[in-house]
Undergrad: 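Got a structure for you, written out below as structure tokens; questions coming shortly.
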Amino acid sequence: MTRIELRAGLRHTSRLLVDEGLTVPAVSDALRGFADMPRVFATAYLVAFVENTCIEAVAPLLPEGNKTVGTHVELSHSAATPVGMEVTAFVELVEVDRRRLRFAVECRDAQDVISSGHHERHVIDAATFDERMAAKAATSTATTP
């Protein structure tokens with residue numbers, strides 16, 4: 001794997017307008033418990049938004065053929081955000097330990113801090129990762145209902 005030249009202090013910001021597709025009831029038909037929940041920005045999508053913001057922060061700086069995968073999420077979701085309000089994610093790369101990247105995270109809507117915490121990602125060689133996942137899938141004994 002090529003040496004990673006990422007350094008602590010890297011910052012990135014992303015914005016997202018909350019629409020109906022990002023609400024709790026929209027999470028998944030496979031998870032029926034969400035269907036009757038309030039129409040507010042879903043924690044599942046908050047986590048995905050944070051992950052995406054971290055990906056955007058480092059992707060242009062990674063060697064060719066490398067990507068990052070999420071490995072740890074430690075986030076609060078302390079305030080609800082209604083449909084139509086914008087959410088902003090602020091991330092800062094606070095630690096680089098070989099392939100492990102640790103980000104400090106804060107998310108805000110127009111009125112509140114809605115989330116804070118940390119997210120970790122690991123740098124991977126995409127081709128090697130894909131090969132491992134194909135091998136794992138080939139050994140799967142799972143059946144579809």
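As the structure is a computational prediction, the values presented were derived from the model and not from experiment.
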Undergrad: Yes or no on side-chain contact (heavy atoms from CB on, under 4.5 Å) for Leu16 and Phe41, after CA distance, side-chain angles and deciding distance?
TA: CA-CA 11 Å; Leu16 179 67; Phe41 189 38; 4.0 Å; yes
Undergrad: Check the angle between the aromatic planes of Phe103 and His119 and answer parallel, tilted or perpendicular using the 30° and 60° thresholds.
TA: parallel
Undergrad: State, yes or no, whether a side-chain contact exists between Thr68 and Cys54 at a heavy-atom distance under 4.5 Å.
TA: no
Undergrad: How long is the gap from NE2 on His122 to CZ on Arg98, to the nearest 0.5 Å?
TA: 8.5 Å
Undergrad: Looking at His77 and Thr43, what are the two nearest heavy atoms and their distance?
TA: ND1-OG1, 2.6 Å
Undergrad: Could you tell me the separation between the CG atom of Leu101 and the CG atom of Leu10, rounded to the nearest 0.5 Å?
TA: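 These two atoms lie 9.5 Å from each other.
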Undergrad: Determine the minimum heavy-atom distance between Ser115 and Ser76, stating which atoms define it.
TA: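 So the two residues come closest at OG-O, 2.6 Å.
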Undergrad: Give the cluster check for Leu17 versus Val83: same hydrophobic cluster or not, with ILVMFWY residues linked at side-chain heavy-atom distances below 4.5 Å.
TA: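 Each belongs to a different hydrophobic cluster.
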Undergrad: Looking at His12 and Ala57, what are the two nearest heavy atoms and their distance?
TA: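 Looks like CB-CB, 3.4 Å.
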Undergrad: What residues form a side-chain hydrogen bond (donor to acceptor under 3.5 Å, both in side chains) with Glu120, not counting sequence neighbours?
TA: Arg100, Arg102
Undergrad: Going through the distances and angles, do Arg121 and Glu51 end up as a side-chain contact (heavy atoms from CB on, under 4.5 Å)?
TA: CA-CA 9 Å; Arg121 304 190 67 74; Glu51 286 201 82; 2.8 Å; yes
Undergrad: Can you name the closest pair of heavy atoms from Asp109 and Ala80 and give their distance?
TA: OD2-O, 3.7 Å
